[in-house]
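So the structure is just underneath, and the comments pick up after that.
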Amino acid sequence: VVITGAATIRDARAGDITLAENDRFAKDLESCEAAAILVPSDFQPERIPRVVVHSVHQAFAKIVARFRPQRVPPAIGVSPAAHISPTAKIGPGANIYPAAVIGDEVDIGAKVTVHPGVCIMAGCTIGEETILFPNVVLYENTKLGRRSIIHAGAVIGAYGFGYDTVNGRHMRGAQLGNVEIGDDVEIGACTTIDRGTYGPTSIGDGAKIDNNVMIAHNCRIGKHNIICGHVALAGSCTTGDYVVMAGQVGVSDHVGIGQGATLGAKAGVMNDVPAGAVYVGIPATPVREQMIKQAALSKLPAMRKQLYALQRAVDRLVRQAEEAATKETV
Amino acid sequence: VVITGAATIRDARAGDITLAENDRFAKDLESCEAAAILVPSDFQPERIPRVVVHSVHQAFAKIVARFRPQRVPPAIGVSPAAHISPTAKIGPGANIYPAAVIGDEVDIGAKVTVHPGVCIMAGCTIGEETILFPNVVLYENTKLGRRSIIHAGAVIGAYGFGYDTVNGRHMRGAQLGNVEIGDDVEIGACTTIDRGTYGPTSIGDGAKIDNNVMIAHNCRIGKHNIICGHVALAGSCTTGDYVVMAGQVGVSDHVGIGQGATLGAKAGVMNDVPAGAVYVGIPATPVREQMIKQAALSKLPAMRKQLYALQRAVDRLVRQAEEAATKETV
Amino acid sequence: VVITGAATIRDARAGDITLAENDRFAKDLESCEAAAILVPSDFQPERIPRVVVHSVHQAFAKIVARFRPQRVPPAIGVSPAAHISPTAKIGPGANIYPAAVIGDEVDIGAKVTVHPGVCIMAGCTIGEETILFPNVVLYENTKLGRRSIIHAGAVIGAYGFGYDTVNGRHMRGAQLGNVEIGDDVEIGACTTIDRGTYGPTSIGDGAKIDNNVMIAHNCRIGKHNIICGHVALAGSCTTGDYVVMAGQVGVSDHVGIGQGATLGAKAGVMNDVPAGAVYVGIPATPVREQMIKQAALSKLPAMRKQLYALQRAVDRLVRQAEEAATKETV
């Protein structure tokens, strides 16, 4: 068998090698023209020549990278077209691309990559091997850990959204804090994380945050959280480690989410969530409660009909009882 | 009649010409000072001098453009203040503005406009007459079709949000794919579209996508979709042609939306939607089901009262029946 | 007492001064190591040396600023590394940072700050003392008032999302309007505000808009509105003064929100909201209605049980009545 390319089942053409994680893909394979397939030991489709591997995804990634090698940005060192304050420190092996702007007293660790258009304001520190994709903005005094990745257009450290209304004017609160982000964190494109009022807004080691997320001032996100797209956390929320939030979740201010809790897509969380709990719905409740509610809700039209029929039956019974009473009296 | 300006009804002052699409604007016109009005043939308001036209919007746009000509960015060619890799190809008639950054082996078609601060990473190709507004970011190997428009701050091709958790660490999946966008596509400001895992995330010809939308890795968007603001699509969703999604819709991963289906604002879609269907609500159901549910829901407080009254009536009937039975026995 | 730092209660260590707004913090104080505390006159915790002040936040901000002075960007004037059209006017005392791009006929007021990577397209005017944080984009003819703050990555004036479908193609409407923003407005990071079709989309004086918000074409936002994160307003909405929208609210097109109205988090507003009203829920209704609905909803499973029991009781009564009738007849 000659393999000339690699693609997933829906894209694979003649000559391609493809992959299947389990037997749920059996049906899709029927119309697939792939020349060969990577499979785990417990799924052995018949028609296609197969290669049994321990991890289909790890193996397939290596094959894809052979056919379409991942582009690695060239090591260019510090571009003369970057704008760098004379008081900034740049670690060894760092790459700073054109049109990046680095402010006063910034400290950039070894092997950090700063892509074009990134703006790092004064006093920031960036741990080694961290990557800032194009047009990321770090406001002053932001601290980033090591091996973290900040995707394009993310904004870290803008002012917190807190106001006191005095004589009909909304007066902005103090903006004296910053944002502190741990090691091995990933932050998605166009995600925004606001600075704390007096101290840090913080993101724990290993947390992964998707695109277009907003995390407000003074939040404290635990380690290894998974926060999906379009989640919005209001001010001063806290989360334990290993919390998972699905897409478009919203959390009210000052709410605490316990370790290992899961919030379902679009959940609207108004009160603390205990560790390990699974909450869904608006307002968010334990998933079991919500399922009972939803089941009852889907019976609601039937309940209305039943209630109407019962009403008629009872009205008839009441009438009959009255007639009987009248007869007796007569 | 002398016309000195053009404005919509709510803004029109003396001397302005205005427009009305139909008789629903009759009431607003009463207090309008406009000197004249564009109307269709089936709406003829009395008080104001009128010009009857076939398409009020097309005609009005021409008049407005006469008073306030749309600014056309001057043809500047390739700015010496742009940062362009020597291996990039720039087509004839392209405009590349200052502070734009164009990476290795990028292929830019004829008459393409690249505004300031745009970053085009290595290996991208851009079809002719496409416009990239300021600070757009295209990650490596992104392919854009012809006559498309990408608005400011949009990020195309960032890493997909997929992780395997191994020994308590979230390990990022392969990022070997890219994003491919068709002809005549428009993508809104601060919208993010992530690359595929092994192959493309794709957007079909003629699709229009609003601001602050997120489209996750491996999604396949059909032709001529309309996707409104703050929509979030999780990984590997597919849509047919002419799908419409209203604002803040969320779609779970691996969901398929059939051709011509419509998803109402804030819908939370967890399962496939058939072609032509209109789904609304959280979780999303056919609109008729949802209307019945909502109607029943609004009757719920009344149902509670009715149920309570029925309970009392039945209790009384049961008591009467027991008394009657007792009497008989006696 | 020697004070060596300042931090909020949850962060305060030995030597720090902290603050408490009221007696709700009494419990948190028990385990706090702070050396002293700022309190109002009506809360006098015993254990910690206290300083009674009129406004704890104003006083604390001054102390924090003493220990960690807020960084003020140095006055650099007009950077030679900024790209400025010869037809742009720059007011006295303005600071224009490297990699900022300023288009033709732009008018920048006195003491305006334009951070790196900002792109100001042709014909914009910016009132005095306004601050544009890094990578903000203003499309052509945008007007900003005085003392306003636009946070990083915000995009003002992109095309409105309005299409006519002609022969299966979505044709973009006119884009002849602009965006006009008042004095003392704040706009959050990655927020997008689209231009009007023929005239302005406008934001009133003193309005405060959070991150990742979208305001569509032709909207008219009143003065002193508070619009929280991830709110999405569709086209041609209007709001009175002092409207408050909590996080993730969505408003349908052409809806009017009355002065002083409040929209709860995640509300989905499909119809006009009267002045002063508080609306919540999807679809949004007055908060009282929603509370009654939610209360009834939480009783729904119990109602189902009650209905079932009633049905059995009524069935029994009907059977008994039939038996009695049969007996009588016999």
Side-chain angles (χ1 to χ4, degrees), chain B residues 6-8 10-11 19 57 60-61 64-65 68 70-71 73-74 79 81 97-99 115-117 133-135 149 151-153 184 186 188-190 206 208 210-212 224 226 228-230 242 246-248 265-266 281-282 294 297-298 300-301 303-304 307 310-311 314-315 317-318 321 324, chain C residues 83 99 101 103-104 117 119 121-123 135 137 139-141 153-155 158-159 161 163-164 168-170 172-176 190-192 194 197-200 212-214 216 218 230 232 234 248 250 252 266 268 270 282-283 292-293 296-297 299-300 303 306-307 310 313-314 316-317 320:
Chain B
T8 56
R10 70 176 170 185
D11 293 333
L19 81 167
H57 280 291
F60 194 67
V64 171
R68 294 193 300 277
Q70 190 144 29
R71 283 176 184 274
S79 165
Y97 282 81
H115 278 279
F133 276 105
N135 292 350
I149 295 174
H151 279 285
D184 303 301
E186 299 181 28
C190 295
K208 310 297 181 187
D210 203 355
N211 300 347
N212 301 90
H224 308 294
I226 295 269
C228 294
H230 274 100
Y242 293 101
Q248 295 180 324
K266 283 187 180 280
I282 308 170
Q294 284 296 331
L297 196 56
S298 71
L300 196 52
M303 280 173 69
R304 270 184 86 188
L307 194 58
L310 263 180
Q311 182 74 59
V314 169
D315 290 350
L317 286 166
V318 168
Chain C
H83 309 279
V101 178
D104 295 343
C119 178
M121 293 175 75
N135 293 349
V137 175
Y139 279 64
E140 58 269 25
N141 301 325
V155 175
Y159 291 176
F161 195 69
Y163 298 91
D164 264 334
R169 297 296 188 105
H170 306 305
R172 190 172 58 250
Q175 301 294 341
L176 295 159
C190 295
T191 280
T192 62
D194 284 353
T197 308
Y198 304 116
N212 301 90
V213 168
M214 172 178 176
N218 301 328
H230 275 99
Q248 296 180 325
S252 294
K266 284 186 180 279
M270 299 169 68
I282 309 170
I292 292 169
K293 228 186 247 184
L297 197 55
K299 301 291 187 207
L300 196 51
M303 280 173 68
Q306 189 183 5
L307 195 56
L310 263 179
V314 169
R316 204 162 40 230
L317 287 166
Q320 289 171 356

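Below, read A as the first sequence line, B as the second, and so on, with proteins coming before strands; counting in each chain starts at 1.
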Side chain [X], main chain [Y], donor-acceptor under 3.5 Å:
| X | Y | result |
| --- | --- | --- |
| C/T191 | C/N212 | yes |
| B/N211 | B/G229 | no |
| B/K208 | B/G188 | no |
| B/N135 | C/G117 | yes |

Need one label for [X]: side chain, backbone, both or neither, based on atoms under 4.5 Å from any heavy atom in chain C.
| X | answer |
| --- | --- |
| B/A7 | neither |
| B/P73 | neither |
| B/A265 | neither |

Between the side chains of C/Y198 and B/H57, does any donor sit under 3.5 Å from an acceptor?
yes
Among [options], which has the most heavy-atom pairs under 4.5 Å with chain C?
| options | answer |
| --- | --- |
| B/D315, B/V314, B/D210 | B/D210 |
| B/V64, B/I282, B/L307 | B/L307 |
| B/M303, B/Q70, B/H230 | B/H230 |

Count the heavy-atom pairs under 4.5 Å between each of [options] and chain B, then report the option with the highest count.
| options | result |
| --- | --- |
| C/V101, C/L300, C/T192 | C/T192 |
| C/Q248, C/M270, C/Q320, C/R316 | C/Q248 |
| C/V155, C/T197, C/L310 | C/L310 |
| C/A99, C/A313, C/G123 | C/G123 |

[X], part contacting chain B, at a heavy-atom distance under 4.5 Å:
| X | value |
| --- | --- |
| C/N218 | both |
| C/A158 | both |
| C/L297 | both |
| C/Y159 | both |

So with a 6.0 Å cut-off around CZ of B/R10, is the heavy-atom count from everything else above 12?
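Atom CZ in B/R10 is packed in, count exceeds 12.
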Locate the shortest heavy-atom distance separating C/G168 from B/Y242; write the atom from each residue and the value.
O-OH, 2.5 Å
Taking all atoms of both residues into account, what is the closest heavy-atom pair of B/G206 and C/H170, and its distance?
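Closest pair (atom of B/G206, atom of C/H170, distance): O-CD2, 3.8 Å.
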Any carboxylate oxygen within less than 4.0 angstrom of a Lys/Arg side-chain nitrogen, looking at C/D104 and B/R71?
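No salt bridge links C/D104 with B/R71.
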